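One structure is given here, and the rest of the page talks about it.
Lettering follows sequence order; numbering is per chain, from 1. Basis for what follows: all heavy atoms, side chains included, without hydrogens, waters or symmetry-related copies. None of these values were measured; they are calculated from a predicted model.
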Amino acid sequence: MIRLAESYYLNQDVVGLARDMLGKVLVTHIGGIVAAGLIAETEAYAGINDRASHAFGERRTNRNEVMYHRGGKSYVYLCYGIHHLFNIVTHDEGIPHAILIRSIIPIEGIEAQLRRRSQTIWKPSVTQGPGKVSQAMGITVKENGVSLLGNRIWVEDRGVDIPKEIVNISPRIGIDYAGEDASLPYRFYITYEGLKNHHLIF
DNA sequence: CGTACGATCTGCT
DNA sequence: GCAGATCGTACGA
């Protein structure tokens, strides 16, 4: 188990990084509970020229301030008044890149994740969707700005290699307002079935 | 200060 | 498949 170092998050290619994060393991230690999940879906948000990004046109507010910080921090914000969406800030200071984590497959603390989701048995839909990921992992806006080099939220490389054959690419979800940028292929995902077929999980 | 809307989820059909 | 929930945030007056 190897925790991703700061240098990983300073990569300037946020789209390539979003692809690379598939198969990495998101871990939280929140409320005295350790939970972990395999990252199965991501979206890249590429700075001030990306109409879908909160930082489009150099927009910089209290909400998205952390996007402008050095890579390796969390960016958590509230969507539709109820959903806490968890992003990973990348690139060096001043360039607001971020990766939205949209889906995980629980690995550790599954009981706690199910409890937080008010479910009794896991199926993909239980932790599929960015709001559900945060809820299962115990992440809220209180975790906004947390360093991924600390002991509250971090990402590990546990050696799971995701072959390109099972990686799906599509436009991002729910950003119809973004004009021509709405069709950019910045969403990456793998399915539970795809992982099973390649014997990457049980 | 008022208004519009959103990187979504759930439940019901 | 679809409507409704629900409220913080952004932005213009």
Side-chain angles (χ1 to χ4, degrees), chain A residues 9 13-22 24 26 28 37 39-69 71 73-91 95-106 113-146 148 153 155 168-192:
Chain A
Y9 301 105
D13 176 15
V14 68
V15 178
L17 216 43
R19 155 65 179 89
D20 192 71
M21 296 211 72
L22 295 177
K24 298 292 189 293
L26 176 65
T28 60
I39 296 174
E41 182 178 350
T42 61
E43 280 180 1
Y45 287 85
I48 62 174
N49 296 315
D50 181 355
R51 302 189 89 85
S53 170
H54 289 167
F56 174 68
E58 294 186 273
R59 185 169 49 179
R60 186 166 182 163
T61 64
N62 280 334
R63 180 176 68 151
N64 73 353
E65 171 63 25
V66 71
M67 291 184 81
Y68 288 85
H69 293 193
K73 284 186 176 181
S74 72
Y75 169 42
V76 186
Y77 71 95
L78 205 57
C79 186
Y80 291 94
I82 35 187
H83 307 296
H84 300 254
L85 270 54
F86 170 69
N87 299 253
I88 292 173
V89 175
T90 69
H91 205 298
I95 307 292
H97 285 179
I99 298 171
L100 172 67
I101 306 301
R102 294 187 56 87
S103 174
I104 60 167
I105 295 170
Q113 296 190 49
L114 287 173
R115 191 165 60 247
R116 286 164 172 159
R117 291 282 303 118
S118 304
Q119 302 288 322
T120 51
I121 52 171
W122 182 85
K123 53 184 182 295
S125 63
V126 172
T127 48
Q128 189 169 78
K132 296 177 185 175
V133 168
S134 297
Q135 191 177 32
M137 297 294 282
I139 297 172
T140 71
V141 291
K142 279 187 293 191
E143 276 67 43
N144 184 44
V146 163
L148 303 185
I153 307 177
V155 183
N168 303 283
I169 306 176
S170 84
R172 293 168 290 182
I173 302 295
I175 53 153
D176 296 337
Y177 59 86
E180 53 204 39
D181 290 341
S183 60
L184 292 171
Y186 285 1
R187 172 176 176 242
F188 303 88
Y189 63 98
I190 51 182
T191 64
Y192 188 66

- prompt: Looking only at atom types and distance, does a side-chain atom of A:R172 sit under 3.5 Å from a main-chain N or O of A:A44, one as donor and one as acceptor?
  reply: yes
- request: State, yes or no, whether a side-chain contact exists between A:V76 and A:T140 at a heavy-atom distance under 4.5 Å.
  value: no
task: Check whether NZ of the Lys or CZ of the Arg A:R102 lies under 6.0 Å from the centre of the six-membered ring of A:Y189 and within 45 degrees of that ring's axis.
output: no
- prompt: Just the dot-bracket of DNA chain B, please: which string comes out with Watson-Crick or G-U pairs under 3.5 Å, [ ] for crossing, | for another strand?
  reply: ||||||.|||||.
query: How about A:N64 and A:Y77: do any of their side-chain heavy atoms sit closer than 4.5 Å?
result: no
query: Under 4.5 Å between any side-chain heavy atoms of A:D181 and A:N49, yes or no?
result: no
task: Classify every nucleotide of nucleotides 6-13 of chain B by which part a protein heavy atom approaches to under 4.0 Å, writing B for the base, S for the sugar-phosphate alone and - for neither, in 5'-to-3' order.
output: BBBSS---
task: May I ask you to test the A:V14-A:Y45 pair for a side-chain heavy-atom distance under 4.5 Å?
output: no
- prompt: Does the side chain of A:Y9 reach to within under 4.5 Å of the side chain of A:L17, using non-hydrogen atoms?
  reply: no
query: Do A:Q113 and A:I104 come close enough that some side-chain heavy atom pair is under 4.5 Å?
result: yes
statement: With a 4.0 Å cut-off (strictly under) to non-hydrogen atoms of chain A, the first and last hit nts on DNA chain C, 5' to 3', are C:dT6 to C:dC11
statement: Here the pair of heavy atoms bringing A:R59 nearest to A:Y68 is O-OH, 2.7 Å
message: With a 6.0 Å cut-off (strictly less than), is the heavy-atom count around OH of A:Y75, excluding the residue itself, greater than 12?
response: yes
